[in-house]
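One structure is given here, and the rest of the page talks about it.
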Amino acid sequence: MPDNAPRTIVPLAIAPALLHWYDHNARDLPWRARPGSNAPDPYRVWLSEVMLQQTQVASVIPYFDKFTRAWPTVEALAASEDADLMAAWAGLGYYARARNLLACAREVARRGEFPDTEAGLRELPGVGGYTAAAIAAIAFGRRAVVVDANVERVVSRLFALEEALPGAKARIYALTDTITPELRSGDFAQAMMDLGSGICTARSPKCLLCPLRAHCAGFAGGTPERFPIKSAKPPKPQRHGTMFWLERDGRVLLVRRPDKGLLGGMRALPTGPWADSPPRLEGAPAAAGWQLLDEQVSHGFTHFNLDVALAAATIAAHAGAALPGEWWPVADLESAGLPTVFAKAARTFRRRLCAQ
DNA sequence: GACCCGTGGGG
DNA sequence: TCCCCAAGGGT
């Protein structure tokens, strides 16, 4: 071990150094209490934490602003229509979060307030271990051990943890417990995330700017970017599908996807099955003179990549009345709240069908 | 524990 | 271009 290595990590020295740094370097984010104001609004903390699950701050901010303008309180959100909320969430991803968000808002509105303990929060739909701890600490001033991907990375480096994720999660939680202060654990958690986001980054960490450098075994060892060690991931399979553009009198047929599963509950273009090989016109919403475009759309999901063929047809204004779905004005598709893969396909359809 | 579930940014 | 990654939760 190099001469500059700390002989032992001193857990109690970490929080004061980090909180001092945070007091001078905290990011100004819309869900954080402004200096001099009261404690943050639990509704805004909860909403931001759900939006931030596996999603970066820059992606969340416009959605957070839109949601808090449309629904300023949890009671207002609880009174919203499912379709309005799902459409507002479109593009943010992980759509089960939106379904759970509404269920949670209705539960909280029925109770009259948010639970103010970690265990109580953990019972809410869409609130897991991380989110319950974060809300308890940030909104209610409870001492809680908050572990997200930032904390996993920072702690792995602080302790030069050789055990690989995800197996190391229990060990990381225990180590985080040893450095979490009794007071200001909410600020401590947010400070860890700001540090992970801006300094202790996954690649090329900025150790010379780090307030915890003197306490970091990873830095002392010379290769902090080696941590956290992760087990290898299997490759993503390639799948294929077809989307159908059925137009009638200036409108296009949209359907609602089943509540469970991929893109559950979202508006969508009709699709056939998603299979290992191109399913061609299988699953078309109607018998029609389908024309295959000579252009495809590709999209990556969490666990597979998708290539989509595009089939278009036009039917007469008096036809297709019995088809399930909505005939949506083509000129107003942006307001339909389509998930990104369908928005991509719709843009391609419109470009190719109008440009000929 | 394994698997499912989106999206956009950055190297 | 491609791969990695992110303020995780549900089943």
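Residue numbers begin at 1 in each chain, while the letters A, B, ... track the order of the sequences.
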| query | Which value, in whole Å, describes the distance between the C1' atoms of nucleotides C:dA7 and B:dC3? | reply |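 Those two atoms are separated by 23 Å.
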| request: Would you kindly compare A:Gly261 and A:Gly167 by the position of their nearest DNA chain B nucleotide and give the one closer to the 5′ end? | output: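 It is A:Gly167 whose nearest nucleotide is closer to the 5' end.
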Are [X] and [Y] close enough for a salt bridge, meaning some N to O gap below 4.0 Å?
X	Y	value
A:Arg99	A:Asp82	no
A:Arg171	A:Glu162	no
A:Asp177	A:Arg143	yes

In whole Å, I'd like the distance from the [atom1] atom of [X] to the [atom2] atom of [N].
X	N	atom1	atom2	value
A:Gln53	B:dC4	CD	P	20 Å
A:Lys260	C:dG9	NZ	P	18 Å
A:Asp148	C:dA6	CG	P	9 Å
A:Arg203	C:dC5	CZ	P	7 Å
A:Leu338	B:dT7	CG	P	11 Å
A:Phe304	B:dC4	CZ	P	10 Å
A:Leu195	C:dA7	CG	P	12 Å
A:Leu121	C:dG9	CG	P	12 Å

Does OP1 or OP2 of [N] have a side-chain N or O of [X] closer than 4.0 Å?
X	N	value
A:Arg153	C:dA6	yes
A:Tyr94	C:dA6	no
A:Thr131	C:dG9	yes
A:Thr340	B:dG6	no
A:His303	B:dC3	no
A:Thr55	B:dG6	no
A:Gln56	C:dA6	no
A:Lys236	B:dC5	no

| task | Grab the two heavy atoms, one from A:Ser231 and one from A:Pro166, that are nearest each other, plus how far apart they are. | result |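 Minimum heavy-atom contact is OG-CD, 3.5 Å.
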| Between the base of C:dA7 and the side chain of A:Arg97, is there any donor-acceptor pair under 3.5 Å? |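 Absent.
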| query | Can you list the residues that meet the side-chain contact (heavy atoms from CB on, under 4.5 Å) rule with A:Glu123, with sequence neighbours excluded? | reply |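 Expected list: none.
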Please classify the nucleic acid contact of [X] as base, sugar-phosphate, or nothing, using heavy-atom distances under 4.0 Å.
X	result
A:Pro166	nothing
A:Val146	nothing
A:Ala149	sugar-phosphate
A:Gly264	nothing
A:Leu263	sugar-phosphate

| message | Heavy atoms from C-beta onward define the side chain here; which of C:dG10, B:dG8, C:dA6 lies closest to that of A:Asn100? | response |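 Out of C:dG10, B:dG8, C:dA6, the nucleotide with an atom closest to A:Asn100's side chain is C:dG10.
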| query | Can you check whether A:His299 and A:Phe301 have ring centres sitting under 6.0 Å from each other? | reply |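 Yes, ring centres under 6.0 Å apart.
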| Upstream residue (5' side of DNA chain C) when A:Lys230 and A:Asn305 are each assigned their closest nucleotide |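 First, find each residue's nearest nucleotide; the 5'-ward one identifies A:Asn305.
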| said: Quick check on DNA chain C: between A:Arg122 and A:Glu49, whose nearest nucleotide comes earlier from the 5' end? | reply: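 Residue closer to the 5' terminus by nearest nucleotide: A:Glu49.
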